[in-house]
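Take a look at the structure set out below.
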Amino acid sequence: MTPPEHALDRERAHHDRCRTAFAAMAADADERVVTGEDVSASGADAEVLGHRLRSHAEELRELPPGPLFFGRLDFARGDTGHPGQSYHVGRLRITEHPAAPPLVVDWRAPVSRVYYQATARDPQGVAVRRRFGWAPGSRGDSADLTGLEDEHLEQGEERVSGIVTREIERPRVGPMRDIAATIQPEQDDLVRGDLDVSVCVQGAPGTGKTAVGLHRAAYLLYTHPRRIRRGGLLVLGPNRTFLSYISEVLPALGETGVRQSTLAEEIARHPVTGTDDGRAAVVKHDARMAEVLRRALYARVRTDRTDSLAVPDGSYRWRVEPEELTRIVTDVRAGEPPYDVGRERVRDRIVRAVRERAERRGGPRGTAWVRRIERARPVSAYVDAVWPRVRAEEVVAGLLGDPEALAAAAEGVLDAEEQKAVLWTRAPRSWRSARWSAADLVLLDEVAGLVEHPAGYGHVVVDEAQDLSPMECRAVARRSAFGSLTVLGDLAQGTTPWAARSWPAVLRHLGKPDAAVIPLTTGFRVPRAVVALTNRLLERLDVDVPAARSLRGDGEVRMREVAGPDEVPDAVVAAVRDALEREGSVGVVAADADVPRLRRALAGADPEVPDERVAVVPASLVKGLEYDHVVAVEPAAIAEAEERGLHRLYVVLTRAVSRLEVVRARELPF
């Protein structure tokens, strides 16, 4: 066996070689962009080629600095598929020449799968799996390679990796990191799922569900580049704070062409300038509103016209009788096409009826004749009368601003009190002056989807999906009607008034009722002491999810009790000072109303509390974030602040990945 120091020297030398090769790859990509601009091809072909070359060069330039590999596979000799071969595994394929064997294979390549899946019981042809330890925050200097571990799987050797453990437990400073080096077998199964299969991950806190979703996105882009890029890939997060936190994961994996957004941004037809009370918002987010909106839209279609249609054709006029016109409109409406498609089908069938009359009289008619009849004023006027053009804003404003229109559309769907709740107290003069609420934008998107189906994405990753309302789920479904979904969430962390109690209902509204629900219950980030506390709270929540467990025996939970509410700010300052004596980030999380006074207390502390490592976060915005040390302030106030306050408290307490300190003057609400 090679002595460890000699092995480290050899691996450092290999990393230097990889860095040189990667720099050459980036320079070659830039040169190809210049060459491609002068390529002799048609305008369209040259544009496509130029875009591909520029995208590849940009991806290489934007890869964040860091170690170029984190593992190595040494295959046994014999019938292994790779007899006697060795491969370094990293975040991107690196080679000195396209035809030469790679210096580093991409973690998503088929050969890399055994790096995550091989065990002593099932080595899958692997003789030795090597893991590399790099200095925290390394930017890719070969000297930062500080250690390595070998598992001789062929000999039945298997052990808990100290390198993996240290990487998982490393303090959380800055944005979320990728987990390519530490993916566990059950996570790898989800990451490498087939593109055509939608999946729902019910993940307990600290199980890595968000990271799994992002790595699945990177894997699909690598494995199905044409199919995914043709439709695009969308990552939906709950808010911009969360998206900022995860923003560096995909670029670190070599993927930059992914849209990361919130659903509110995706449906933002207008600025949010209006507000709803709680009752109105709940009704507007209810799935029954979809039927009310559908009725309101198609109530504009008329099948009661009794006049005939005369279409001029030179000196002749072709007449279509009322009965036939009514049948055309009725048949089209029965087919339930998108509203705008229905308009054109009515036009096409009227033109077909006229054409049949004309051809019986004078023989075949050409394309120019058909186009002329399509544009004939009587035809257009009739279509506008029976199937008028409409905007989503007109439908929603006409519904919410008119009690009679709402009553007609909501009959048998919403009761009188629900209709009263959603009705605007003061209708605007027109939809152009309407003050749209956040829930109104969801309704607008529903109607817009009925008018004309959106193109949609090839794959959508939806995080914190438990908080989506049925109507919001429908908005997501429209954007993935012909693609697949990765749904991520935790029913125990549902905090909106319409948060899900079960995944089958969510998946049905998302248009993927057959998607498998896969639970992740083993936590890698949240310590055992914190999980023990939060599992006590989990028992009080009205959701059926398995209790979490943690592989981390470290961590600490501390209770800091004070005599009264006035002493809480000083206790928080003391707790933050204690946390700052340790390594890592500090998050002070409190009920939204208490945040301003805590910020003032920290800012006015004597001596001053350094703020570069400390974040004071309202409980309503902490979902999805993690801190090494969490100071949870007055849990009772967090629980009382909203309808699903105990769920919010569960979120707050599970943000700690090393140490949790609870500051309270009142009894815990569980």
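Keep in mind that the numbers below use all heavy atoms, side chains included, and drop hydrogens, waters and symmetry copies.
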* Given Glu167 and Arg177, is the salt bridge (charged side-chain N to carboxylate O under 4.0 Å, His left out) satisfied, shown in steps? -> CA-CA 10 Å; Glu167 174 62 22; Arg177 302 188 298 266; 3.6 Å; yes
* Look at Glu394 together with Arg391 and state whether they make a salt bridge at an N to O cut-off of under 4.0 Å. => no
* Neighbour count above 12 (heavy atom, 6.0 Å) for Glu265 CD -> yes
* So, does Arg536 use its side chain to make a donor-acceptor pair with the main chain of Ala532 at under 3.5 Å? -> no
* Asked: Charged N to carboxylate O under 4.0 angstrom, Arg659 versus Glu556?
  -> yes
* **Under 3.5 Å side-chain donor-acceptor pair for Gln419 and Glu417** => no
* Asked: Does Asp445 come within less than 4.0 Å of Arg478, counting only side-chain N to carboxylate O?
  -> yes
* Asked: Salt bridge or not for Arg501 and Asp542, using N-O below 4.0 Å?
  -> yes
* Decide yes or no for Leu250 and Gln260: does some side-chain heavy atom of the first lie under 4.5 Å from some side-chain heavy atom of the second? => yes
* To do: Check whether any side-chain N or O of Lys623 sits under 3.5 Å from a backbone N or O of Val652 as a donor-acceptor pair, and report yes or no.
  => no
* Is there a donor-acceptor pair closer than 3.5 Å between any side-chain N or O of Thr496 and the backbone N or O of Asp467? -> yes
* So does Asp544 have more than 12 non-hydrogen atoms from other groups sitting under 6.0 Å from CG? -> no
* **Which atom of Val576 lies closest to which atom of Val588, heavy atoms considered** => CG2-CG2, 3.5 Å
* Just checking, any donor-acceptor pair under 3.5 angstrom between side chains of Thr273 and Arg435? -> no
* Any ion pair linking Glu291 and Arg295 (charged N to carboxylate O, less than 4.0 Å)? -> yes
* Between Ser161 and Val164, is there a donor-acceptor pair closer than 3.5 Å when you use the side chain of the first and the backbone of the second? -> yes
* **Pairwise side-chain contact, Arg269 with Trp436, heavy-atom cut-off 4.5 Å (strictly under)** => no
* To do: Verify, without hydrogens or angle tests, whether Thr207 (side chain) and Ala204 (backbone) share a donor-acceptor contact under 3.5 angstrom.
  => yes
* **4.5 Å side-chain heavy-atom contact, Leu507 and Val517** => yes
* Arg216-Thr486 side chain donor-acceptor pair, cut-off 3.5 Å -> yes
* So do the side chains of Met471 and Asp286 get within less than 4.5 Å of each other, counting heavy atoms only? -> no
* Heavy-atom check, side chain of Phe242 versus side chain of Thr210, under 4.5 Å -> yes
* Asked: Looking only at atom types and distance, does a side-chain atom of Arg474 sit under 3.5 Å from a main-chain N or O of Ala290, one as donor and one as acceptor?
  -> no
* Is there a side-chain contact between Pro470 and His509, using heavy atoms and a 4.5 Å cut-off? -> yes
* Examine distances only and state if a side-chain atom of Arg644 and a backbone atom of Pro497 form a donor-acceptor pair shorter than 3.5 Å. => no
* **Salt-bridge present (Arg432, Glu393; N to O < 4.0 Å)** => no
* To do: Would you kindly say whether Glu266 and Ser261 are connected by a side-chain donor-acceptor distance under 3.5 Å?
  => yes
* To do: Determine whether the side chains of His459 and Ser484 contain a donor N or O and an acceptor N or O closer than 3.5 Å.
  => yes
* What is the minimum heavy-atom distance between Ile267 and Ala475, and which atoms define it? -> CG2-CB, 4.4 Å
* Asked: Nearest heavy-atom pair of Leu510 and Cys473: which atoms, and what distance?
  -> CD2-O, 3.5 Å
* Asked: Salt bridge or not for Arg560 and Asp578, using N-O below 4.0 Å?
  -> yes
* Using the salt bridge (charged side-chain N to carboxylate O under 4.0 Å, His left out) rule, pick out the option among Glu567, Glu561, Glu640 that qualifies with Arg666. => Glu640
* Leu485 versus Lys512, closest heavy-atom pair with distance -> CD1-CG, 3.5 Å
* Asked: Do Glu583 and Pro136 touch side chain to side chain, with heavy atoms closer than 4.5 Å?
  -> no
* Asked: Checking Arg655 side chain against His629 main chain: does a donor-acceptor pair fall under 3.5 Å?
  -> no
* Asked: So, does Thr654 use its side chain to make a donor-acceptor pair with the main chain of Tyr650 at under 3.5 Å?
  -> yes
* Judged by atom type as modelled, is there a donor-acceptor pair below 3.5 Å linking the side chain of Asp440 to the main-chain atoms of Ser437? -> yes
* Test item: Glu464 and Asp490 side chains (from C-beta on) under 4.5 Å apart, heavy atoms -> no
* Result of checking Lys284, Met289, Arg279 against Glu418 for side-chain contact (heavy atoms from CB on, under 4.5 Å) -> Arg279
* Taking all heavy atoms of Leu598 and all of Ala590, pick out the closest pair and write down the distance. => CD1-CB, 3.5 Å
* **Ala448 versus Ala392, closest heavy-atom pair with distance** => N-CB, 3.8 Å
* Supply the atom-to-atom distance Phe670 CZ to Leu649 CG, rounded to the nearest 0.5 angstrom. => 6.0 Å
